[in-house]
Visitor: 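Let me begin by handing over the structure; questions about it come next.
Please read all numbers here as calculations on a predicted model, not as lab measurements. In what follows, every heavy atom counts, from backbone to side chain, and hydrogens, waters and symmetry copies are set aside.
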Amino acid sequence: TGGRIGDDYGRRRVFLTALAAFTLASAACALAPSAGALIVVRALQGLAGGFMVPQVFGIIRSSFEPAAMAKAFGAYGAVQGLASVAGPLIGGALVDADLWGLGWRTIFWINIPVAVVALVLGWRVLPESRAAARSRLDVIGALLASVGVLLVLLPLVQGRDWGWPTWGWALLTAGVLVLAGFLRFEGALARRGGEPVLAPDLLKVRPFVAGLGASVLLFGGLASFFLVLSIYLQAGTGRSAWDTGLVILPYALGSMLTSGAGVALAARAGRALLVTGSLTLAASQGLLWWLVRDGATPGYWPLAAAMFLGGLGLGLAAPILVNVVLAGVPGRRAGAAGGVLSTVNQIGGAVGVAVLATVFFNATSSAGTATPPAELFAHALAQAMPWQVATYLLAAVAMLALPKTAATHQE
């Protein structure tokens, strides 16, 4: 919906408005007096992000010629991958520093100066663009999609805490049915000449569909991995938030090393780079699995080696994946396709967290109470890593259905 509104009312205008709302929501998060209040304003922050992020895809598609567009999407992918590993490092530093006694609240306050700079730069340099013709918003479709996604994700994320009750599975089933109804409604709306929020013709673009699957697996695997890794490093090995960030730092360094090469070679070997990157990520998770086998507690450098290897894989895959996913999408669908990509990635991340966290915490629960924390959490991480290896292997299989190169197609 955010992508569609940007197409209709101006991507620059919607981006800057949503960025301003995101800034205010970040301040509200930092000031939240309770966990319940924090959850509410986090939802508002996510709503602003949902309007902001899809505009990036539309602005890039409308601002660059095909050759430059590939590089722009590559830069976006590189930043996205780097951000996913830089976040824990910066967040750990802020929490450990406890600036002015604010503790965790600084991870939201830091958004304010960054967003203000982005607002000033965006106001000065971003071009305005919009679709040639304005369309009617698909409010019913958006509501059906939102309700269906909520019904699916809520029991997946909370199921372990609820004890996997029957009514939780009923919610999950209802969510699947609602999403099926959503797809039927969208098809019927398109046949009547309407403008569905998920255009059925997008699902006929093979690179887009295959790329969505690969993107869900890749970024879903990243989100879930850093959650369980942070818990292992802090609760299991006793590291501080800053020390945990230092373990993750080689991941960012590896990503930076290969991102440029990935973008440069994408036009000639896009699919091969994606598959190689995903297999390298699988190898890094396999190495970590081997390091923590039998409850072992590896030192910094073995852990850093596994992180560095994962970063090399991420740098090969993430920068060009966005370009491949949107390669065959017509320019008039850029905003809508970007919205679908952003939403599906969020769903993939939530599902990945739900699955891996369930495996991880079930492993900690099954161990005896007398088990030392280091051994307990190493055992749990060892149980979770095969799932990560499988995730990246499946992503590599999905990538085999993509075009051989990452060239950007015209209308």
Visitor: Going by the rule side-chain contact (heavy atoms from CB on, under 4.5 Å), which residues pair with Ser63 if we only count those two or more places apart in sequence or in a different chain?
Guide: Ile59, Pro127

Visitor: Crowded around Trp290 CH2? As in, over 12 foreign heavy atoms under 6.0 Å?
Guide: no

Visitor: Mark yes when over 12 heavy atoms from residues, nucleotides or ligands other than Arg184 sit less than 6.0 Å from its CZ; otherwise mark no.
Guide: no

Visitor: Does NZ or CZ of Arg12 come closer than 6.0 Å to the centre of the six-membered ring of Trp123, within 45° of the ring's axis?
Guide: yes

Visitor: Please say which of Asp161, Ile231, Leu356 ends up in a side-chain contact (heavy atoms from CB on, under 4.5 Å) with Phe361.
Guide: Ile231

Visitor: Can you tell me how far apart CG (Leu291) and CE (Met385) are? Round to the nearest 0.5 Å.
Guide: 11.0 Å

Visitor: Quick one: closest heavy-atom pair of Thr17 and Arg13, and the distance?
Guide: OG1-O, 2.8 Å

Visitor: When rounded to the nearest 0.5 angstrom, what is the spacing between CG in Leu143 and CZ in Phe182?
Guide: 11.0 Å

Visitor: Do other residues, nucleotides or ligands put more than 12 heavy atoms under 6.0 Å from the CD1 atom of Ile140?
Guide: no

Visitor: Quick check on Trp162: does its CH2 atom have over 12 non-hydrogen neighbours (other residues, nucleotides or ligands) under 6.0 Å away?
Guide: yes

Visitor: When the ring planes of Tyr251 and Phe225 are compared, do they come out parallel, tilted or perpendicular, using 30° and 60° as the limits?
Guide: tilted

Visitor: Could you state the interatomic distance from CG (Leu94) to CZ (Arg105), rounded to the nearest 0.5 Å?
Guide: 14.5 Å

Visitor: For Arg42, check side-chain hydrogen bond (donor to acceptor under 3.5 Å, both in side chains) against everything at least two apart and list the hits.
Guide: Gln45

Visitor: Could you report the tightest heavy-atom contact between Pro386 and Trp289, atom names first, then the distance?
Guide: CG-CZ2, 3.3 Å

Visitor: Given side chains that start at C-beta, do those of Asp138 and Phe185 come closer than 4.5 Å, heavy atoms only?
Guide: yes

Visitor: Starting at CG of Leu288, measure out to CG of Leu381 and round the result to the nearest 0.5 Å.
Guide: 5.0 Å

Visitor: Taking distance alone, no hydrogens or angles, what donor-acceptor pairs closer than 3.5 Å link side-chain atoms of residues 109-122 to residues at least two apart or in another chain?
Guide:
{"unit_1": "Asn111", "atom_1": "ND2", "unit_2": "Ser26", "atom_2": "OG", "d": "3.1"}

Visitor: Out of curiosity, Leu144 CG to Leu183 CG, how far, rounded to the nearest 0.5 Å?
Guide: 10.0 Å

Visitor: Indicate the atoms forming the closest heavy-atom contact of Phe360 with Ala380, along with that distance.
Guide: O-CB, 3.4 Å

Visitor: Please report the C-alpha distance between Leu253 and Leu257 in whole Å, then the side-chain angles of each, then the deciding distance to 0.1 Å, and finally whether the side-chain contact (heavy atoms from CB on, under 4.5 Å) criterion is met.
Guide: CA-CA 6 Å; Leu253 296 177; Leu257 281 176; 5.8 Å; no

Visitor: Kindly write out the residues that satisfy side-chain hydrogen bond (donor to acceptor under 3.5 Å, both in side chains) with Gln388, not counting sequence neighbours, or none if the list is empty.
Guide: Ser224, Gln285

Visitor: Going by atom type alone, with no hydrogens or angles, which donor-acceptor pairs under 3.5 Å involve a side-chain atom of residues 296-315 and a protein atom two or more places apart or on another chain?
Guide:
{"unit_1": "Tyr300", "atom_1": "OH", "unit_2": "Leu246", "atom_2": "O", "d": "2.9"}

Visitor: Would you check if Val247 and Arg239 make a side-chain contact, meaning some heavy-atom pair closer than 4.5 Å?
Guide: yes

Visitor: Go through the side-chain N and O atoms of Arg11 and Ser129 and say whether any donor and acceptor fall under 3.5 Å apart.
Guide: yes

Visitor: Working to the nearest 0.5 angstrom, can you tell me the gap between Ile248 CD1 and Leu233 CG?
Guide: 6.5 Å

Visitor: Quick one: side chains of residues 216-223, donor-acceptor pairs under 3.5 Å with protein atoms, not counting sequence neighbours, listed by atom name and distance.
Guide:
none

Visitor: So Leu38 and Trp104, side-chain contact (heavy atoms from CB on, under 4.5 Å) or not? Walk me through it.
Guide: CA-CA 12 Å; Leu38 178 60; Trp104 60 267; 4.2 Å; yes

